[in-house]
**Q** 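I have a structure I would like to understand better, so I am pasting it below and will then ask my questions one at a time.
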Amino acid sequence: MATSGKTEVGSDSIPGALDIIAFRRWVECFCIVNFDLELGQTLEVTYPHFELTETERSTIAFLSFPDSGSKTGNTIFTFRCRRTDGSFLFGFSYFLQQKDPSITRGYLQKAVVVLTRHPLVGL
């Protein structure tokens, strides 16, 4: 059976389109968290859009960074965050710290986080 080379995604059949319903079965969103010297950890963006309260945004931003002084480089870890409705979100954080003389403290600190309702820690 020959294929057309197109990837079927959802009912739209648009190459590269995100089937949000299928995606959300596994992952709620991706987050970018930045450390700003004046503001602290800040959740900059979620994709796709995901409703979070200000308290949840603040908690996720705080948990997205390691709890101890990290060396320059990458750190990967997981966390669990209780939502205001009592359910949990599980976060998988890829934290990056690298020297950057253009920043006041001299380091860029960012995290890319995957949020899901599933405890996929053992995978």
Side-chain angles (χ1 to χ4, degrees):
M1 179 160 95
T3 61
S4 65
K6 283 180 137 181
T7 304
E8 295 281 328
V9 180
S11 59
D12 299 337
S13 299
I14 299 171
L18 178 64
D19 181 346
I20 195 70
I21 294 169
F23 177 79
R24 287 245 163 99
R25 286 186 195 127
W26 295 100
V27 173
E28 294 299 332
C29 67
F30 295 95
C31 305
I32 303 296
V33 181
N34 185 39
F35 180 79
D36 182 282
L37 187 59
E38 295 174 11
L39 301 174
Q41 293 102 325
T42 306
L43 197 156
E44 293 182 327
V45 68
T46 61
Y47 181 81
H49 176 74
F50 185 62
E51 286 296 322
L52 295 165
T53 66
E54 280 305 311
T55 300
E56 291 167 342
R57 291 178 70 85
S58 176
T59 301
I60 290 166
F62 178 76
L63 293 172
S64 297
F65 283 56
D67 62 355
S68 61
S70 296
K71 297 180 269 183
T72 300
N74 307 324
T75 304
I76 299 171
F77 61 96
T78 62
F79 62 87
R80 183 176 78 161
C81 173
R82 184 181 297 270
R83 300 203 66 194
T84 54
D85 66 3
S87 66
F88 287 99
L89 286 174
F90 296 88
F92 300 85
S93 181
Y94 177 83
F95 172 76
L96 168 69
Q97 178 172 285
Q98 67 184 26
K99 282 190 174 277
D100 185 342
S102 68
I103 297 174
T104 305
R105 287 181 85 180
Y107 284 92
L108 170 72
Q109 296 177 317
K110 278 200 182 268
V112 176
V113 179
V114 177
L115 290 179
T116 178
R117 295 182 193 275
H118 305 288
L120 304 173
V121 179
L123 294 179

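In this text the structure is predicted, and so the values were computed from the model without any measurement. The figures here come from the full heavy-atom set of this structure, side chains too, leaving out hydrogens, waters and symmetry mates.
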**Q** Kindly work out whether a path of hydrophobic side-chain contacts (I/L/V/M/F/W/Y, heavy atoms less than 4.5 Å apart) joins Phe77 to Phe62.
**A**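 In one cluster with Phe77: Phe62, yes.
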**Q** As an exercise, state the distance from CZ of Arg83 to OG1 of Thr55, rounded to the nearest 0.5 Å.
**A**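 If we round to the nearest 0.5 Å, Arg83:CZ and Thr55:OG1 are 11.5 Å apart.
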**Q** Looking at Val112, Leu115, Val113, which one forms a side chain to side chain contact (heavy atoms under 4.5 Å, CB included) with Ser93?
**A**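 Considering Val112, Leu115, Val113, a side chain to side chain contact (heavy atoms under 4.5 Å, CB included) with Ser93 is found only for Val113.
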**Q** Using the rule that Ile, Leu, Val, Met, Phe, Trp and Tyr join whenever any side-chain heavy atoms are under 4.5 Å apart, tell me whether Phe88 and Val27 fall into a single cluster.
**A**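 Yes, Phe88 connects to Val27 through the hydrophobic network.
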**Q** Are Cys31 and Arg57 close enough that some pair of their side-chain heavy atoms sits under 4.5 Å apart?
**A**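 No, every pair of side-chain atoms sits at 4.5 Å or beyond.
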**Q** So which heavy atom on Asp36 is nearest to which on Glu38, and how close?
**A**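 Shortest heavy-atom contact: OD1-N, 2.8 Å.
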**Q** Between Leu108 and Val45, is there a shared hydrophobic cluster once you connect ILVMFWY residues whose side-chain heavy atoms come closer than 4.5 Å?
**A**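 In one cluster with Leu108: Val45, no.
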**Q** Where do Leu89 and Leu52 come nearest, in terms of heavy atoms and distance?
**A**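 Smallest heavy-atom distance, with atoms named: CD1-CD2, 4.1 Å.
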**Q** Looking only at heavy atoms, which two atoms of Ser102 and Asp100 are closest? And how far apart?
**A**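 Looking at all heavy atoms of both residues, the closest pair is OG-OD1, 2.6 Å.
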**Q** Any side-chain heavy atom of Tyr107 within less than 4.5 Å of one from Lys99?
**A**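 With C-beta onward as the side chain, the pair touches.
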**Q** Measure across Phe65 and Phe95 and return the closest heavy-atom pair with its distance rounded to 0.1 Å.
**A**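 Where Phe65 meets Phe95 most closely, the heavy atoms are CD2-CE1, 3.2 Å.
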**Q** Mind checking whether Arg24 and Phe50 have side chains closer than 4.5 Å, heavy atoms only?
**A**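 They are in contact (side-chain heavy atoms under 4.5 Å apart), so the answer is yes.
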**Q** If you round to the nearest 0.5 Å, how far is CD of Gln109 from CD of Gln98?
**A**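 The CD atom of Gln98 sits 10.5 Å away from the CD atom of Gln109.
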**Q** What pairs with Glu28 under side-chain hydrogen bond (donor to acceptor under 3.5 Å, both in side chains), at least two apart in sequence or on another chain?
**A**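 Glu28: side-chain hydrogen bond (donor to acceptor under 3.5 Å, both in side chains) contacts with Arg117.
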**Q** If we only count heavy atoms from C-beta on, is the Phe79 to Ser64 side-chain gap below 4.5 Å?
**A**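 In short, these two side chains touch, coming nearer than 4.5 Å.
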**Q** For a quick test of reading the model, state the closest non-hydrogen atom pair linking Cys81 to Leu63 and the distance between them.
**A**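 Nearest heavy atoms, Cys81 then Leu63: CB-CD1, 4.1 Å.
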**Q** According to a hydrophobic-cluster definition based on side-chain heavy atoms being under 4.5 Å apart (Ile, Leu, Val, Met, Phe, Trp, Tyr only), do Val114 and Trp26 belong together?
**A**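 In one cluster: yes.
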**Q** If I take atom CD from residue Gln41 and atom CD1 from residue Ile60, how far apart are they, to the nearest 0.5 angstrom?
**A**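 Rounded to the nearest 0.5 Å, the CD-CD1 separation comes to 13.0 Å.
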**Q** Can a donor-acceptor pair be found, under 3.5 Å and without considering hydrogens, that links the side chain of Ser58 to the backbone of Glu54?
**A**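 Judged by distance alone, no pair lies under 3.5 Å.
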**Q** Look up atom OG1 in Thr116 and atom CZ in Phe30, then write down how far apart they are to the nearest 0.5 Å.
**A**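 Reported to 0.5 Å precision, the distance equals 10.0 Å.
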**Q** Shortest non-hydrogen contact from Asn74 to Leu96?
**A**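 Taking every non-hydrogen atom into account, OD1-CD1, 3.1 Å.
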**Q** Less than 4.5 Å apart, side chain to side chain, heavy atoms only: is that true for Leu120 and Phe90?
**A**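 Of all side-chain heavy-atom pairs linking Phe90 with Leu120, none is under 4.5 Å.
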